[in-house]
2 protein chains.
Amino acid sequence: MARRARRPEARPDEILDAALAVFSEVGFAGARVEDIAARAGLSKGAVYVYFESKELMLKALVRRLADRVVGAAEMLVQSNAQADAEQTLRSLLTFMAMQLSNPKVSAAPRLVLAEAQRFPEIAALYRDDVIGRARQLLGKLCDRGIAQGVFRAVDRDVMLRSCAGPMLAHMMLSTVFADPKNPAPPPEVIAGGIADLVLNGLRPRP
Amino acid sequence: MARRARRPEARPDEILDAALAVFSEVGFAGARVEDIAARAGLSKGAVYVYFESKELMLKALVRRLADRVVGAAEMLVQSNAQADAEQTLRSLLTFMAMQLSNPKVSAAPRLVLAEAQRFPEIAALYRDDVIGRARQLLGKLCDRGIAQGVFRAVDRDVMLRSCAGPMLAHMMLSTVFADPKNPAPPPEVIAGGIADLVLNGLRPRP
DNA sequence: CCTATTAGTGACCAATGGGTCATTAATAGA
DNA sequence: TCTATTAATGACCCATTGGTCACTAATAGG
């Protein structure tokens, strides 16, 4: 086989990209290291230069990905720190729904959902680094809304489930369970509808 | 090994029970037919008397399970056909949240979420037999609420995501991502909170 | 009892795939 | 240009496991 250029610095990331693609297609157990290597343009042996085992690849992958979605969400909330909480939450929900409609973005959380049961360490990592931060973020936003008088008091665990849940459902429905015969409305419409419902739900009753 | 009594009629169900347990612990690809057999109190060979292959076991399993949760939900809505839509939806949401807090009940949907990507046939089956029916059910309930003047007009796809999503999130958070250090409030409290928020969200604005 | 039937067994086969390592080739430095 | 270093290869090893099948033993019927 044609020998490829030596670019050791770039390898780990390339391998992880390939691993995410393969894992999310056939699952962790079903993925062959040789396929991951091939997709990264390497031989199997080279993969083991950078990662000790297939399982450590999975962990590195989750660690690398944990930041991306939540990080972007935190950024969005922070940059809207002055705006009213209602508008910020609407932007956040819309942004998330749009992101998660993209199979490439949703591949990572989908993979975690699929494998968490089998790898308690990964479940714990995700719980602390993604779910925990999302809960914090929503909690703070919620406090702001309450202070501004636009949200009523809501438990954080209820808030987390009520905001993240529809996003999760939308992700699954627009990727693995997408029905070519009955296409759903475009994501921005769905996202807007969900935001309307949740925001209306958060409004204090007269 | 001690030979067990011959009870051919009961075998398929016993094997599927065992398969669900093993699949949901280690995933489909990670499950060994021999382990499934052992858990059912049989040898590997016997399993192949009843199921042609491991994959057909998975399909049979999903088919058998599809009914259970949605069937119960449909029953609940039907038996409350006279009551007001708001109260019915509250009961439905609470019932689902309680059910899905139980790892034994949630094992099946969790398994489907994990494997659907890899088995398009299973994804299609679940989409039609579970998600489709849930969408119908919520749509009808929604129509009733609108007719009674207690719900405002909501798109069915938004309704599906906004109702099923929090349940899904609750399921994942109370099983795979449960944090022993920060226990969530009891399920009935969470369920009530979610129902409050969603119902308030559905109320027509003055 | 004796025999026919069939549920159930478990040794075995063949393929698969994670992981290793001796070897090769590309580069850096002198 | 020559040598030392190291990125990368791929043939190989071997444990694992889906699936088969010749055989065993429990039951049913006469």
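All of these numbers come straight from a predicted model, not from anything done at the bench. Letters go in sequence order (proteins before strands), and every chain restarts at 1.
- Within the structure, no pair that satisfies the ring pair (Phe, Tyr, Trp, His ring centres under 6.0 Å) test touches residues 83-113 of chain A, not counting sequence neighbours.
- Nucleotide D:dA8 holds its P atom 17 Å from the CD1 atom of A:I36, rounded to whole Å.
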Item to complete: Under the salt bridge (Lys or Arg N to Asp or Glu O under 4.0 Å) rule, what do A:E34 and A:R39 come out as? Steps first, then yes or no, please.
Response: CA-CA 9 Å; A:E34 202 156 1; A:R39 197 178 289 226; over 6 Å; no

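- The phosphate of C:dG8 has OP1 or OP2 within less than 4.0 Å of a side-chain N or O from B:Y50.
- Side chain of A:S162 to main chain of A:M159: no donor-acceptor pair is present (N/O by atom type, distance under 3.5 Å, no hydrogens or angles).
- A straight line from CD of A:E14 to C1' of D:dA8 spans 13 Å, rounded to a whole angstrom.
- Listed by first then second residue, pairs satisfying side chain to side chain donor-acceptor pair (under 3.5 Å) with a partner in residues 185-195 of chain B number zero, not counting sequence neighbours.
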Could you run down the sub-3.5 Å N/O contacts of the protein with nucleotides 17-20 of chain C?
| from | atom 1 | to | atom 2 | distance (Å) |
| --- | --- | --- | --- | --- |
| C:dG17 | OP2 | A:R32 | NE | 3.3 |
| C:dG18 | OP1 | A:A31 | O | 2.8 |
| C:dG18 | OP1 | A:K54 | NZ | 3.1 |
| C:dG18 | OP2 | A:V33 | N | 2.9 |
| C:dG18 | N7 | A:K44 | NZ | 3.2 |
| C:dG19 | OP2 | A:Y48 | OH | 2.9 |
| C:dG19 | OP2 | A:K54 | N | 3.1 |
| C:dG19 | N7 | A:K44 | NZ | 3.0 |
| C:dG19 | O6 | A:K44 | NZ | 2.3 |

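- Relative to the ring axis of A:F119, A:K59 does not place its NZ or CZ within 45° and under 6.0 Å from the centre.
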